[in-house]
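These numbers come from the heavy atoms of this one structure, side chains and all, not from hydrogens, waters or symmetry mates. Small disclaimer: the values here were computed from a predicted structure and weren't measured.
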Amino acid sequence: QVQLVESGGGLVQAGGSLRLSCAASGRTGSTYVVGWFRQAPGKEREFVAGIDIIWSTYYADSVKGRSTISRDISKNTVYLQMNSLKPEDTAVYYCAACSTTLSSSAETYTCWGQGTQVTVSS
């Protein structure tokens with residue numbers, strides 16, 4: 001199995017930036033595709049961005065243009081740089097893997113981290 005650990009969340013004011021990290025260990029061969037999802041209280045888990053082993057990327061419209069997903073394969077780490085943060089970005093952000101396709105559907109990912117809290121104040 002693969003272990004995923006997110007970090008980099010925290011408190012930030014609107015307009016600020018954060019860089020989230022997802023570090024994988026164990027069966028890192030399950031990280032050909034890695035996605036970022038978020039979940040706010042009372043809402044369903046929402047796709048944010050994804051990246052595959054050849055650096056194909058996919059962004060949700062809500063973050064397109066102000067977020068960048070990248071990866072350092074040698075470090076088994078995927079990053080999500082978020083700029084121009086808005087209060088509606090407040091959520092727990094999860095890293096997901098164990099998918100063979102770059103998908104926006106949470107059901108296609110079977111390995112998940114514990115999440116990191118992002119809170120954006122107005």
Over 12 foreign heavy atoms within 6.0 Å of OH, Y79: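 Atom OH in Y79 is crowded, with more than 12 foreign heavy atoms closer than 6.0 Å.
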
Flag if over 12 foreign heavy atoms under 6.0 Å of CD, Q13: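 Open: at most 12 neighbouring heavy atoms sit under 6.0 Å from CD of Q13.
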
Decide whether [X] and [Y] are clustered together by the hydrophobic rule: side chain heavy atoms of Ile, Leu, Val, Met, Phe, Trp, Tyr closer than 4.5 Å, transitively.
{"X": "F37", "Y": "V5", "answer": "no"}
{"X": "V120", "Y": "M82", "answer": "yes"}
{"X": "Y32", "Y": "L80", "answer": "yes"}

With K64 via salt bridge (Lys or Arg N to Asp or Glu O under 4.0 Å) - residues at least two apart: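 Testing K64 for salt bridge (Lys or Arg N to Asp or Glu O under 4.0 Å), a comparison that skips the adjacent residues, returns D61.
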
Where at least one partner belongs to residues 87-116, residue pairs that pass salt bridge (charged side-chain N to carboxylate O under 4.0 Å, His left out), sequence neighbours excluded: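 For residues 87-116: R38-D89, R66-D89.
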
Which heavy-atom pair separates [X] from [Y] by the least distance, and what is that distance?
{"X": "A60", "Y": "F47", "answer": "CB-O, 3.3 Å"}
{"X": "V34", "Y": "I69", "answer": "O-CD1, 4.2 Å"}
{"X": "T31", "Y": "A24", "answer": "CG2-CB, 3.9 Å"}

Donor-acceptor under 3.5 Å ([X] side chain, [Y] main chain):
{"X": "T77", "Y": "K75", "value": "yes"}
{"X": "T28", "Y": "S25", "value": "no"}
{"X": "Y93", "Y": "E6", "value": "no"}
{"X": "Y109", "Y": "S103", "value": "yes"}
{"X": "T116", "Y": "G9", "value": "yes"}

